[in-house]
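Quick note on labels: first sequence line is chain A, next is B, and so on, each numbered from 1.
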Number of protein chains: 2
Amino acid sequence: MKRHVLIYGLIGGVLITLLKWTEYRFLVIDHSIEIYGGLIAATFAVLGVWLGLKLTRAQQRTAVQEVPVTAGQPFVLDERKREDLGITRRELEILELIARGMSNREIAQKLYVSENTVKTHSSRVFDKLGARRRTQAVQLGKERGLLP
Amino acid sequence: MKRHVLIYGLIGGVLITLLKWTEYRFLVIDHSIEIYGGLIAATFAVLGVWLGLKLTRAQQRTAVQEVPVTAGQPFVLDERKREDLGITRRELEILELIARGMSNREIAQKLYVSENTVKTHSSRVFDKLGARRRTQAVQLGKERGLLP
DNA sequence: GCCAAAATCACTCAAAAGGATGACGACAGA
DNA sequence: TCTGTCGTCATCCTTTTGAGTGATTTTGGC
């Protein structure tokens, strides 16, 4: 997030310099201030939208994650139970993919991380769930409302 | 979302008018153009961020809205589907125990058979389901109504 | 800017799981 | 009686998974 603000500032600076230069080109024309202001307004509006999107993208993902629903109970609150068990989002993500029957290698490829990373995450989630096997982890995950 | 753009435009217009007015106040000062541009940049940056947030929040809503209701059948008909897939009772029995998270050894002890026997049964049931891993077999078994 | 949590990756070793194949007895039905 | 299915068990070999440990980088909150 820090980086985004930094990039934002840099681009802003560059654009200001650019507009400062263009200023001398348009200053001779009537109503140049309006044009100048309009340009600045437009560019910074675009930049602002971009920044806003950047900043909220993370939240977007978590919102999408709480989708599935079972017939009996609504199943929307994985977030609460997840944190109660001290399981991170990434770990839950791995658990979900395990529940779909994917191997560690497949999960690694899907998430663009190494197989070792997947193993670390799964080991931790097994530990937190008290499971010794992935099938058991899936079962426990469903019992505790982490999985649909 | 349309409304946001509209509001955005309106606020933008009002602000431009406002800044136009302030312009006459600050125009007498040196470097007023810089100040003017800076003001416009700042306000529209803020507005842009706000718009970006608004837009993504709207996206969030739609994402949450697409909550599917997985059809919940009461689950009574394993017998029919079992035979349709050519899976024997014993094989289904092993599959059920696998779904509970038990290891081959535990299953063997529970059923009083050798671990090798469990492995042959599970291998056959995997083959009939088209699964390569036990987690996948469990998933497929549930999809096909063999497991609750 | 600092700090804690989270995420990433690596390495080793052991255990579990899976594929392939063969075999044998029980039993039901043609 | 012969045949096919089912359940049982084994052996060999490969792949997958899990445990344990340590390390680095990102991220997020204060």
Side-chain angles (χ1 to χ4, degrees), chain A residues 1-7 9 54-62 65 79 82-141, chain B residues 79 82-141:
Chain A
M1 190 183 290
K2 263 181 193 168
R3 186 173 307 171
H4 294 150
V5 177
L6 199 65
I7 294 176
K54 261 316 191 217
L55 291 178
T56 52
R57 192 182 290 175
Q59 294 175 3
Q60 214 175 324
R61 268 183 62 200
T62 62
Q65 276 184 347
E79 206 60 6
R82 203 206 77 226
E83 292 195 351
D84 288 348
L85 294 166
I87 296 174
T88 68
R89 291 171 206 276
R90 197 58 157 173
E91 286 164 358
L92 178 59
E93 197 178 356
I94 266 83
L95 180 60
E96 286 167 351
L97 296 179
I98 287 177
R100 290 188 197 166
M102 297 176 73
S103 71
N104 287 338
R105 185 164 303 169
E106 289 169 343
I107 295 173
Q109 287 175 349
K110 181 180 179 70
L111 298 183
Y112 303 106
V113 295
S114 86
E115 202 176 329
N116 286 315
T117 303
V118 176
K119 289 171 85 174
T120 310
H121 284 313
S122 59
S123 278
R124 294 222 178 102
V125 90
F126 292 169
D127 191 44
K128 289 169 182 173
L129 282 173
R132 298 185 163 277
R133 286 163 291 282
R134 42 177 55 210
T135 45
Q136 197 180 3
V138 170
Q139 172 69 8
L140 291 170
Chain B
E79 226 22 38
R82 203 205 76 226
E83 292 194 351
D84 288 348
L85 293 166
I87 296 175
T88 69
R89 292 171 207 275
R90 196 58 157 174
E91 286 164 357
L92 180 58
E93 197 178 356
I94 266 83
L95 180 61
E96 286 168 350
L97 296 179
I98 286 176
R100 290 189 198 167
M102 297 176 72
S103 70
N104 288 337
R105 184 164 302 169
E106 290 169 343
I107 295 173
Q109 288 174 350
K110 181 181 180 68
L111 298 182
Y112 303 107
V113 294
S114 88
E115 201 176 328
N116 287 314
T117 303
V118 177
K119 288 171 84 174
T120 40
H121 283 315
S122 59
S123 278
R124 293 212 181 111
V125 90
F126 292 169
D127 192 44
K128 290 169 183 172
L129 282 173
R132 295 185 166 277
R133 287 164 289 282
R134 42 179 51 211
T135 45
Q136 198 180 3
V138 170
Q139 171 70 5
L140 291 171

Rounded interatomic separation in angstrom, taking CG from B:L97 and C1' from C:dA16: 17 Å
Inter-residue atom distance B:I107.CD1 - B:H121.NE2, 0.5 Å rounding: 10.5 Å
Reported CD-to-CG distance for the pair A:E83 and A:L92, which is rounded to 0.5 angstrom: 11.0 Å
Any donor-acceptor pair under 3.5 Å from B:E91 side chain to B:T88 backbone: yes
Interatomic distance, B:L129 atom CG to B:I87 atom CD1 [nearest 0.5 angstrom]: 4.0 Å
Residue-phosphate contact under 4.0 Å: B:T117 side-chain N/O, D:dC9 OP1/OP2: yes
Residue pair A:S123 / A:T120, side-chain donor-acceptor N/O under 3.5 Å: no
Distance (rounded to the nearest 0.5 Å) between A:S122 OG and A:L97 CG: 11.5 Å
Toward the 5' end of DNA chain D, by each residue's nearest nucleotide, B:Y112 or A:R124: B:Y112
Integer-rounded Å distance: D:dT5 C1' and B:I87 CD1: 16 Å
Euclidean distance, atom CZ of residue B:R82 to atom C1' of D:dC6 [Å, nearest integer]: 11 Å
Distance below 4.0 Å between B:H121 side-chain N/O and D:dG7 OP1 or OP2: no
Atom-to-atom span, CG of B:N116 to P of D:dC9 - whole angstrom: 9 Å
Main-chain N/O of A:S103 paired with A:E106 side-chain donor or acceptor, under 3.5 Å: yes
Atom pairs, N/O to N/O, protein against nucleotides 24-28 of chain C, distance under 3.5 Å?
none

Side-chain (A:Q139) to main-chain (A:T135) donor-acceptor, under 3.5 angstrom: no
Rounded interatomic separation in angstrom, taking CD from B:Q109 and P from C:dA16: 11 Å
Between P of D:dT16 and CD of B:Q136, the distance in whole Å: 13 Å
Nearest-nucleotide comparison on DNA chain D, the residue closer to the 5′ end among B:I94 and A:S103: B:I94
Nucleotide N/O of nucleotides 18-21 of chain D paired with protein N/O under 3.5 Å:
unit_1 : atom_1 : unit_2 : atom_2 : d
D:dG18 : OP1    : A:R134 : N      : 2.6
D:dG18 : OP2    : A:R134 : NE     : 3.2
D:dG18 : O6     : A:K119 : NZ     : 3.2

Nearest-neighbour nucleotide for the A:R89 side chain, C:dA7, D:dG7, D:dT8 considered: C:dA7
Test item: B:K128 side-chain N/O and B:G86 main-chain N/O as donor-acceptor pair under 3.5 Å: yes
A:T117 side chain to A:V113 backbone, donor-acceptor under 3.5 Å: no
Candidate nucleotides C:dC9, C:dT8, D:dC6, ranked by approach to the side chain of B:T88 - the nearest: D:dC6
Length of the line joining B:E106:CD and C:dA15:P, which is rounded to integer Å: 16 Å
Between D:dT5 (P) and B:E83 (CD): distance, integer Å: 14 Å
Sugar-phosphate, base or nothing in reach of B:S114, heavy atoms under 4.0 Å: sugar-phosphate
Contact nearer the 5' end of DNA chain C, comparing A:E115 with A:K128: A:K128
